[in-house]
Amino acid sequence: MASDPDGDPRIGDISEGTVLRAILARTSTAAHALLGPGDDAAVIAAPSASVVATTDTLVDGPDFRTAWSSGYDLGWKAAAVNLADVAAMGAAPTALLVALAVPRDVRLSFVAAMADGFREACDALAPGCAVVGGDLTVSDLLMIAVTALGDLGGRAAVTRSGAQPGDVVALAGELGAAASGLETLFGVFRDGEMPIAVNPDAVDEASRHGLERQLRPEPPIALGPVAADAGASAMMDVSDGLSIDAGRMADASDVTIDFDGAALDALAFGGNRSRALSGGEDHGLLAAFPADRPLPVGFHRIGTVTVRGEDGLLLDGTPLPPSGWDPYRDWDGVVAG
C-alpha cells in the first residue's frame with residue numbers, strides 16, 4: 001500500500017483488495033443472505049420462490065455533482081432510488097449489488113463514506129437489506145451502478161398496468177421537496193457555472209429540507225408491501241415527476257388519471273403545484289386502489305381513474321401535458337418546475 005501524508009490514500013495508489021476491505025468492513029449482513037460478500041457470487045434466499053430485480057446507474061454529471069454530494073450522500077441516494085423501485089412492485093428489498101467505477105484520484109475515505117451511506121440507508125429504509133457483493137474498477141468518471149433484489153412474500157407483483165376505472169389514485173411520500181432542493185443547488189451553490197460546496201446554514205429551513213431530500217431521499221419503502229396487501233391495483237415509483245409518471249401508469253393501464261388540484265396543493269412542498277407535478281426524485285409511491293377499500297395509512301388521495309379518453313392525464317377535468325425530470329436537461333441548470 002502506498003503511503004500518504006494525510007493517511008487517506010488515493011484509489012489509484014492502493015490495491016483493489018485494500019479498497020474492498022474498507023468497503024466490506026462497513027457492510028451489514030443481509031437477512032436473506034445465505035452467502036454474503038467474498039465469493040464469486042452471493043446467494044440470497046427467495047422465500048416466496050420469486051425475485052424482484054431492478055437496476056439503476058448514477059453518473060457524475062447527469063445524475064449528481066461531487067461538489068454537492070459527499071460519498072455518504074451518494075451511497076445513501078444510490079441505495080434509496082433502487083429500494084424504491086423494489087417497493088413499487090409490492091416487494092420487500094432483500095439485497096443490493098453495487099458496481100463502482102472510481103477515478104484514481106478519489107480518496108479512500110470517500111469510497112468508505114459511500115459504503116456507510118449504503119449501509120445506513122438500508123438500515124433506515126429497508127431493515128434486513130444490505131450490500132451483498134458487486135464490482136470495483138477505475139474510470140475517468142465516477143459511476144455507481146446498483147442492482148436491487150426483493151421478495152414478494154407470496155403476494156403478486158403490483159405493476160403499473162393494473163389501474164381500473166373507478167379506482168382512487170393515491171400517493172405516499174413527499175411531493176416536490178427534492179425538486180426544491182435541486183433548485184436551491186443551482187440557484188445558490190454555484191459560482192458562475194461551477195458548483196460549490198453546500199452550506200446548509202446559508203439557506204432557510206424549508207430550503208434545507210429540500211436539499212436533504214435531493215441529496216438523501218427517504219422513500220416510503222415499507223409502504224410498498226403494505227399497499228400490495230391493501231389491494232393496490234397498480235403502483236410505481238415517482239422518480240421523474242408526478243405528471244410524467246402518472247402518464248406512464250395511465251398509458252400502461254389504458255385509462256385516464258384525473259388529478260384533484262386541491263389535493264395536490266395540500267401535499268405539494270411549499271404549496272408549489274407546478275413543482276409537485278413536474279419535479280422528480282422524491283421517489284414516492286403512486287398507486288391506484290379500488291374505491292371500496294380504505295387507503296393504507298401513509299397514502300393520500302390525489303385523484304381518480306376514469307375510462308380512457310382522448311387524454312391520459314387530466315387536472316380537474318382539464319388535459320394536463322405530462323412533464324418531468326430529464327437528467328440531460330435539468331442537470332444543465334434548466335430545472336423542471
Side-chain angles (χ1 to χ4, degrees), residues 20 23-24 26-58 75-100 114-115 117-136 144-162 172-173 217-239 249 252 283-289 296 298-299:
L20 289 175
I23 293 172
L24 294 178
R26 291 166 166 79
T27 301
S28 299
T29 300
H32 286 72
L34 303 178
L35 181 64
D39 229 296
D40 290 324
V43 181
I44 308 300
S48 67
S50 60
V51 177
V52 171
T54 185
T55 189
D56 193 63
T57 302
L58 300 180
W76 181 290
K77 186 168 186 175
V81 301
N82 281 275
L83 296 172
D85 283 334
V86 172
M89 302 300 293
T94 56
L96 300 180
L97 299 166
V98 180
L100 299 178
M114 196 182 300
F118 271 104
R119 183 190 68 251
E120 294 190 17
C122 287
D123 288 348
L125 303 174
C129 180
V131 175
V132 298
D135 187 41
L136 176 68
I144 309 162
V146 180
T147 296
L149 306 178
D151 184 73
L152 286 164
R155 63 182 69 86
V158 183
T159 69
R160 62 180 64 178
S161 61
E218 295 189 8
I221 305 302
L223 291 182
V226 169
D229 290 339
S233 56
M235 185 160 54
M236 64 184 298
D237 161 46
V238 181
S239 56
M249 180 182 285
H283 299 284
L285 297 177
L286 176 69
F289 294 91
F299 278 88

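As a basis for the values below, the full set of heavy atoms in this structure was taken, side chains included, without hydrogen atoms, waters or symmetry mates.
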Report yes or no: do D151 and S48 form a side-chain donor-acceptor pair below 3.5 Å? yes

Kindly compute the distance separating CE (M235) from CZ (R160), expressed to the nearest 0.5 Å. 12.0 Å

Do V86 and T54 make a side-chain contact, defined as non-hydrogen atoms from C-beta onward lying under 4.5 Å apart? yes

Side chains of V132 and L97 in contact at under 4.5 Å (non-hydrogen atoms): yes

With a 4.5 Å cut-off on side-chain heavy atoms, are M114 and L100 touching? yes

Which heavy atom of W76 sits nearest a heavy atom of E218, and at what distance? CZ2-CG, 4.1 Å

Close side-chain approach of F118 to V146, heavy-atom, < 4.5 Å: yes

P225 and A222: which non-hydrogen atoms are nearest, and at how many Å? CD-O, 3.5 Å

L149 side chain reached by T147 side chain, heavy atoms, under 4.5 Å: yes

Applying the side chain to side chain contact (heavy atoms under 4.5 Å, CB included) test to P219, which of L83, N82, L125, D85 qualifies? L125

Taking all heavy atoms of A79 and all of L96, pick out the closest pair and write down the distance. CB-CD1, 3.9 Å

CG of L286 to CE of M236: how many Å apart, nearest 0.5 Å? 7.0 Å

Indicate the atoms forming the closest heavy-atom contact of I44 with A95, along with that distance. CD1-CB, 4.0 Å

Would you name the heavy atoms of A145 and T57 that are closest together and state the gap between them? CB-OG1, 3.7 Å

Counting only N and O atoms by type, is there a donor-acceptor contact under 3.5 Å from the side chain of R155 to the main-chain atoms of L152? yes

Check this for me: R119, atom CZ, are more than 12 non-hydrogen atoms of other residues, nucleotides or ligands nearer than 6.0 Å? yes

Would you check if C129 and H32 make a side-chain contact, meaning some heavy-atom pair closer than 4.5 Å? no

Do the non-hydrogen side-chain atoms of D237 and H283 ever get within less than 4.5 Å of each other? yes

Of all heavy-atom pairs linking P296 and V226, the shortest is CB-CG1, 3.7 Å

D123 side chain near S28 side chain, heavy-atom distance below 4.5 Å: yes

